[in-house]
Amino acid sequence: MFKAPRGTQDILPAEQPYWQLARDKIREVSSLYGFRRIDPPLFEETGLFVRGVGETTDIVEKEMYTFKDKGGESLTLLPEGTASFMRAYLEHGMQVLPQPVKLYSTLPLFRYERPQAGRFRQHYQFNAEAIGEAHPAVDAEIIALAWSLYSSLGLKGLKLQLNSIGDSRCRPGYNKLLTTYLREHQKRLAKTDRERLSRNPLRVLDSKESASQKVIAQAPKSVEHLCEDCAAHFAGLREYLGLMGISYTLNHRLVRGLDYYTRTVFEFWAAGIGAQNAVGGGGRYDGLAKLLGGKDTPGVGFGLGLERIILAMQQQKISPPPDPGPQVYLLYHGAAAQNEAIRLAEKLRGAGIRAGVSMGGRSLKAQMKQADREGVKFALILGEKEIEKSTVTAHIMQTGEEFTVAQGQLLNWLSDRLFRR
RNA sequence: GUGAGCGUGGCCGAGGGGUUUAAGGCACCUGGUUGUGGCCCAGGAGAUCGCGGGUUCGAAUCCCGCCGCUCACCCCA
């Protein structure tokens, strides 16, 4: 038997109400904040990610779904959204639009990872990106959008983690400082962190190794070594967040694994959904456009994993509005009645009534049972008697009462009961 | 890529070498109603016990390998 590939899942009808609610709120809140939808292709030239995300990142080194098409071109299923947004911005000359250009999308993303709670090889991510403006108020607006999306979904108790990691001017200096410090205390670091130190010292900061915690706690903090502009930007952002009443935790250990981040980085954390507790995250990427060969263009954005927010919703017992099921179900007795039932069902659907018809010619009892399982308000019975007199028997499921209704009157009869009050 | 736990009908789940021709529950089908649901009763269908190999007179049960699932690490949403 075939199974869904590892790390992928079927989103079954029973789960769909959560997804529907999430998508509805995403649309609503995005437009509230002036973001417009864009849908990039689901694969891009491989080079876009190699250059944009960074050659030494985990994504590029081991997580991309890369393949050659029949023309011999190397393509990659999107492992993240931001590079595509920026590519589209540059490709379509969006610098002539009023800046910043605010875009959003919900995309399936693909990363070859070991699945675990809240992590998949294909996952859906909502992205909101504001490109073309470096002012910290834009960072604040993105964070506010995220915050308001969470609260519109009813999520409570999320924690916003905030940090600034500087830019191309001040980060190299900080990096050196951090490396020197960590080298001095190498002996007190876990061995995986010692290895990490030589590859990417910033990553040591968010290590979960218990042995390293004391050293990390005393490590120099990036926010204390920002250049003047970065410091001003960060101060500005904090002021706007305060202004908007958004509370946050300064997290000196928050670094993110993609190379393009500059200055602002942030994550939203949820409790109770497993080790992968970040339900959203993002930051500023002022260097990305240039990496992609475009004109220097600032940008800031964020991504939110739909699977993870749905986990959080379930964990917090938030129930979405249920799917509307059929309102009526047609049963029949006899072959002539079957034709009539099918015809009538179409007529009802044409009038906006969600109607199901029994199929397969089973006993009336079995059909009635099915009507019950479908959760309809009315079972409409057609048999010899009804055909002869052009009526239907309307059976009210809740009470068991039955009415004989002329077929010509059925639409009115149902409308009265389904659409009033 | 690494580590740990786990794989028994559609779902949950008992059984841990021989009366197992594998319990029980949910769901499904049929009947108890000649044209009628939810409750009840009776009956029925549905499992090569993840796959392959080994040990044994005998394996769902023990051993090995593989595959898969889950959780965790790395890292991310």
Side-chain angles (χ1 to χ4, degrees), chain A residues 1-7 9 12 14 22 53 56-63 79-82 106-127 146 190 192-193 195-196 199-200 202-204 206-210 254-258 261 265-270 273-282 301-312 329 331-334 337 358 360 362-387 393-402:
Chain A
M1 278 291 284
F2 289 108
K3 284 190 279 190
R6 176 163 225 198
Q9 57 176 348
L12 298 171
V53 176
T56 60
T57 57
D58 276 21
I59 287 182
V60 171
E61 279 186 347
K62 50 185 198 187
E63 296 177 356
E80 64 110 41
T82 304
T106 300
L107 296 167
L109 299 180
F110 306 87
R111 309 223 266 251
Y112 185 82
E113 303 186 87
R114 278 293 278 272
Q116 74 185 78
R119 168 187 288 160
F120 307 89
R121 288 186 173 176
Q122 176 184 333
H123 81 279
Y124 287 89
Q125 192 172 127
F126 162 69
N127 276 260
T192 55
D193 286 327
E195 286 157 21
R196 223 170 283 174
R199 298 204 45 172
N200 192 341
L202 272 182
R203 296 266 175 81
V204 178
D206 70 349
S207 166
K208 289 174 187 167
E209 297 284 347
S210 55
L254 183 70
V255 297
R256 291 172 57 81
L258 284 66
Y261 284 114
V265 293
F266 59 89
E267 283 185 2
F268 292 90
W269 291 355
I273 60 167
Q276 304 309 317
N277 66 339
V279 290
F302 116 106
L304 169 158
L306 295 216
E307 290 81 358
R308 289 189 191 169
I309 61 163
I310 287 167
L311 274 178
Y329 198 77
L331 332 188
Y332 57 85
H333 188 253
S358 175
R362 294 185 302 151
S363 70
L364 243 212
K365 174 177 173 161
Q367 296 181 57
M368 190 61 113
K369 193 165 182 176
Q370 186 163 0
D372 186 40
R373 295 273 331 247
E374 301 276 3
V376 298
K377 278 204 167 70
F378 303 103
L380 304 176
I381 304 165
L382 283 154
E384 288 86 355
K385 288 186 296 195
E386 287 83 358
I387 296 295
T393 298
H395 178 113
I396 301 178
M397 299 307 283
Q398 212 167 52
T399 61
E401 290 173 278
E402 292 193 344

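Chain A is the first sequence line, chain B the second, and so forth, proteins listed ahead of strands; every chain is numbered from 1. The basis for the numbers below is simple: all heavy atoms, side chains too, and nothing from hydrogens, waters or symmetry mates.
- Every residue meeting the side-chain contact (heavy atoms from CB on, under 4.5 Å) condition with A:S358, not counting sequence neighbours, appears here in chain and number order: A:Y329, A:Y332, A:Q367.
- Close to B:U36, at under 4.0 Å from its OP1 or OP2, lies no side-chain N or O of A:K365.
- For A:L364 and B:G32, the CG to P distance is 13 Å, given to the nearest whole Å.
- The shortest heavy-atom contact between A:V279 and A:A270 is CG1-CB, 3.7 Å.
- With P as the reference atom, B:G46 and B:C62 are 29 Å apart, rounded to whole Å.
- Taking atom CZ of A:R121 as the reference point, atom C1' of B:A77 lies 16 Å away to the nearest angstrom.
- Comparing A:R6 and A:E209 by the nucleotide of RNA chain B whose heavy atom lies nearest to each, the residue mapping closer to the 5' end is A:R6.
- Atom C1' of B:G9 sits at a distance of 12 Å from the matching atom of B:C28, rounded to the whole Å.
- Scanning for ring-ring contact (aromatic ring centres under 6.0 Å, His included) contacts around A:Y261 gives an empty result, with sequence neighbours left out.
- Distance check on atom C1': B:G35 versus B:A22 gives 42 Å, rounded to whole Å.
- Spacing between atom CG of A:L12 and atom C1' of B:C11 amounts to 12 Å, rounded to whole angstrom units.
- Between the CD atom of A:E63 and the CD atom of A:E80 there is a distance of 11.5 Å, given to the nearest 0.5 Å.
- If you take atom P in B:G17 and the same atom in B:A27, they sit 34 Å apart, rounded to whole Å.
- Between A:Q276 and B:C73 there is a side-chain N or O to OP1 or OP2 distance below 4.0 Å.
- Look at CD1 on A:I59: it is 9 Å from C1' on B:C75, rounded to the nearest Å.
- Checking the phosphate oxygens (OP1, OP2) of B:G3, no side-chain nitrogen or oxygen of A:R114 falls inside 4.0 Å.
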Original post:
Are A:M397 and A:M368 close enough, and set up right, to give a side-chain contact (heavy atoms from CB on, under 4.5 Å), and what steps lead you there?
Top reply: CA-CA 9 Å; A:M397 299 307 283; A:M368 190 61 113; 4.3 Å; yes
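- Within the nucleic acid shown, A:F120 comes within 4.0 Å of at least one base atom, counting heavy atoms only.
- Residues A:S363 and A:K385 both approach RNA chain B. Their nearest nucleotides, taken by heavy-atom distance, put A:S363 toward the 5′ side.
- Between the C1' atom of B:G37 and the CD atom of A:E401 lies a distance of 15 Å, rounded to the nearest Å.
- Taking only side-chain atoms of A:H123, from C-beta outward, the nucleotide of B:C29, B:G37, B:A77 with the closest atom is B:A77.
- Residue A:E402 places its side chain closer to B:U36 than to any other of B:U30, B:A77, B:U36.
- For the atom pair CD1 of A:I309 and CG of A:L304, the computed distance is 4.5 Å after rounding to the nearest 0.5 Å.
- Atom-to-atom, CD of A:E267 to P of B:A77 comes out at 7 Å; the value is rounded to the nearest Å.
- Checked against A:F120 for a side-chain contact (heavy atoms from CB on, under 4.5 Å), the options A:Q122, A:Q116, A:H123 give a single hit: A:H123.
- Comparing the same atom, C1', in B:U2 and in B:C75 gives a spacing of 14 Å after rounding to whole Å.
- Residue-level contact check: A:E386 touches the bases, meaning some heavy atom is under 4.0 Å from a base atom.
- Between the base of B:U70 and the side chain of A:Q116 there is no donor-acceptor pair shorter than 3.5 Å.
- In this structure, CG of A:L254 is placed 13 Å from P of B:C75, rounded to the nearest angstrom.
- At the heavy-atom level, A:G274 lies under 4.0 Å from the strands shown only through sugar-phosphate atoms.
- Atom CG of A:N127 sits about 6.5 Å away from atom CG of A:L109, to the nearest 0.5 Å.
- As rounded to the nearest Å, B:A14 and B:A4 have C1' atoms that lie 25 Å from one another.
- The distance between atom CH2 of A:W269 and atom P of B:A77, rounded to the nearest whole Å, is 14 Å.
- Contacts of A:L109 with the nucleic acid, taken as non-hydrogen atoms under 4.0 Å apart, are absent.
- Under a 4.0 Å N-O distance rule, the pair A:R196/A:D193 qualifies as a salt bridge.
- The CD1 atom of A:I396 sits 4.5 Å away from the CD atom of A:E401 when rounded to the nearest 0.5 Å.
- The CZ atom of A:R308 lies 5.0 Å from the CD atom of A:Q276; values are rounded to the nearest 0.5 Å.
- Near RNA chain B, meaning a heavy atom under 4.0 Å away, the residues from residues 367-377 of chain A are A:M368, A:K369, A:D372, A:R373.
- Ranking B:G1, B:C75, B:A77 by closeness to the A:D206 side chain, first place goes to B:C75.
- At a threshold of 4.0 angstrom between heavy atoms, the contacts of A:K208 include nucleobase atoms, whether or not backbone atoms are also involved.
- Here, B:G58 and B:U21 have their P atoms 16 Å apart, quoted to the whole Å.
- Taking the P atoms as reference points, B:G54 lies 29 Å from B:G15, given to the whole Å.
- Judged as a ring-ring contact (aromatic ring centres under 6.0 Å, His included), and not counting sequence neighbours, the contacts of A:Y124 are A:W19.
- Taking all atoms of both residues into account, the shortest heavy-atom contact from A:A371 to A:A379 is CB-CB, 4.3 Å.
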Original post:
Dot-bracket for RNA chain B, 5' to 3', counting Watson-Crick or G-U wobble pairs under 3.5 Å, with [ ] for crossing pairs and | for inter-strand pairs?
Top reply: ((((((((.[[[..)..(.....]]].(((((.......))))).....[[[[[..)....]]]]])))))))....
Output a table of nitrogen or oxygen pairs between the protein and nucleotides 42-52 of chain B separated by less than 3.5 Å.
none

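- Here NZ of A:K62 is found 8.5 Å from CD of A:E113. Values are rounded to the nearest 0.5 Å.
- In this pair, A:H395 does not lay its aromatic ring on the base of B:G37; centres under 5.5 Å and planes under 30 degrees do not both hold.
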